[in-house]
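Everything on this sheet refers to the single structure shown next.
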Amino acid sequence: MRLFREGSLGARRWAQFRKNRRALWSLWIFGLLFVVCLCAELVANDRPLVVSYRGALHFPAFKFYPETAFGGEFETEAEYPAPEVQCLIVSGGLEACFDEPEAVMAAARTGAVDGEAVEKGWLVWPPVPYSFNTVNYDVQPAPGAPDAKHWLGTDDQTRDVLARIIYGFRISTLFALFVVGVSSVVGIAAGASMGYFGGWVDLVFQRIVEIWGNIPSLYIIIILSAMLTMSFSLLAVLIALFSWTSLVGVVRAEFLRARNFEYTRAARALGVGDWTIMFRHILPNAMVATLTMMPFLITGAIGALASLDFLGFGLPAAYPSLGELALQAKQNLQAPWLAFAAFATFSIMLSLLVFIFEGVRDAFDPRKTFR
């Protein structure tokens, strides 16, 4: 099925984007990584995806189950990595699991324990059987080097690095998209108003942009983080408040140039409203300059989040953070796998985003699309 009607503007833009092979491959790779990270709970989790206990199926990754649901003694959530809980599930709830879980579980897999037949259960684990906050007490010393259980090693709290990267990739990408979306709406609206109306509107907004752009945003965010309890939404709004000025200059220049073009004058003479002219006729021609700034906004948002987390003024400690991983790499120079993991994650993420938006910029360039 075609994405766009043949010969339409969208089809020409998509064809122009596909000509940039680097951008196209980057889109597929980043899209695949982003989809995997969006489903992080199905990829990296310390709870099984499916559990079969006494012929009934349970889905711990999506639902809470107490230990008593599997023949245990506690009403709290079952600790599925514990040998005792796995033994209860595999053996059908035998009490002997609390004494010799490994021996009972090995015997239960054969179908009988002490000569008596048991109804065997089973567990299906995700590819990475650790969540971002799972502490593996068997790893000594910390940080632990990469091995068969932890493909990228563990950090200084024996948490799996790969799991933290998967969850941190999702948070960083969603954070950057939210910040860029808010910044683009505010920046484009302000720049369009300044360039189209001119006069006192342009003068007043220019003074506001000059004052707002010279405020040391990093210091303000650090001060506010010391006064308030930071959250994902609050930190994203604060960074977006200081990012929208980056788009004002280029959008204003494009609207200043296009407001006296013949098609703009013709639309105005026909009685078309100012806002319709601005966002239906002029803005599409200003999209090239706007999209040129998008890679810088996205990489800047990811860099700002990582910098604040690195300094300890970003997201709370409960969040998986790529900046916190970089801080651990700095504090544990004897564990080079932490530095390699942080560097490779940032390099791949930012490079793919820049390549994608290079292709998007070319696709929206009318000189290439209509050639």
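Numbering starts at 1 and runs along the sequence shown.
- With hydrogens and angles ignored, the 3.5 Å screen pairs no side-chain donor or acceptor of T276 with any backbone N or O of V272.
- Among residues two or more places apart in sequence or in another chain, the salt bridge (Lys or Arg N to Asp or Glu O under 4.0 Å) test is passed with D202 by R252.
- Residues I171 and P320 form a side-chain contact, since some pair of their non-hydrogen atoms from C-beta on lies under 4.5 Å apart.
- The salt bridge (Lys or Arg N to Asp or Glu O under 4.0 Å) contacts involving residues 302-324 comprise R159-E324, R164-E324, where partners must be two or more places apart or lie in separate chains.
- Taking 4.5 Å as the limit, every side-chain heavy atom of V179 sits out of range of all side-chain heavy atoms of I298.
- Applying the side-chain hydrogen bond (donor to acceptor under 3.5 Å, both in side chains) rule to N20 yields no partners; only residues at least two apart in sequence or on another chain are considered.
- Scanning all heavy atoms of the two residues, the minimum distance from V248 to G187 falls at CG2-O, 3.9 Å.
- Residues C37 and T173 have side chains not in contact (no heavy-atom distance under 4.5 Å, counting atoms from C-beta outward).
- Counted by atom type alone, D362 and Q16 present zero donor-acceptor pairs between their side chains at under 3.5 Å.
- Judged as a salt bridge (Lys or Arg N to Asp or Glu O under 4.0 Å), not a single pair has a partner in residues 271-300 (not counting sequence neighbours).
- Residues L235 and F175 meet the side-chain proximity criterion, which asks for heavy atoms closer than 4.5 Å.
- At least one side-chain heavy atom of F197 sits under 4.5 Å from a side-chain heavy atom of M278.
- Within the structure, every pair that satisfies the salt bridge (Lys or Arg N to Asp or Glu O under 4.0 Å) test and touches residues 205-225, not counting sequence neighbours, is listed here: R207-E210.
- Distance check: E67 CD to E77 CD gives 11.0 Å after rounding to the nearest 0.5 Å.
- By the side-chain hydrogen bond (donor to acceptor under 3.5 Å, both in side chains) test, E358 pairs with R22, sequence neighbours left out.
- Using a 4.5 Å cut-off between side-chain heavy atoms of Ile, Leu, Val, Met, Phe, Trp and Tyr, with links allowed through other members, I220 and L234 fall into the same hydrophobic cluster.
- The hydrophobic cluster containing F132 also includes Y167, under a criterion of side-chain heavy atoms closer than 4.5 Å among ILVMFWY residues, counted directly or through chains of members.
- Grouping Ile, Leu, Val, Met, Phe, Trp and Tyr by side-chain contacts under 4.5 Å, direct or through others, leaves F74 on its own.
- Hydrophobic side-chain contacts under 4.5 Å tie L42 into a cluster, directly or through other members, with L49, V50, L57, F59, F62, W122, V124.
- Taking the centre of each ring, F30 and F169 come in below the 6.0 Å mark.
- Looking at residues two or more places apart in sequence or on another chain, you find no side-chain hydrogen bond (donor to acceptor under 3.5 Å, both in side chains) involving Y65.
- Pairs engaging residues 27-42 under the salt bridge (Lys or Arg N to Asp or Glu O under 4.0 Å) rule: E41-R170 [sequence neighbours left out].
- Heavy-atom neighbours of E262 CD from other residues, nucleotides or ligands within 6.0 Å: at or below the threshold of 12.
- Ring geometry for F242 versus W212: interplanar angle under 30°, hence parallel rather than tilted (30 to 60°).
- Using a 4.5 Å cut-off between side-chain heavy atoms of Ile, Leu, Val, Met, Phe, Trp and Tyr, Y137 falls into a hydrophobic cluster with V135.
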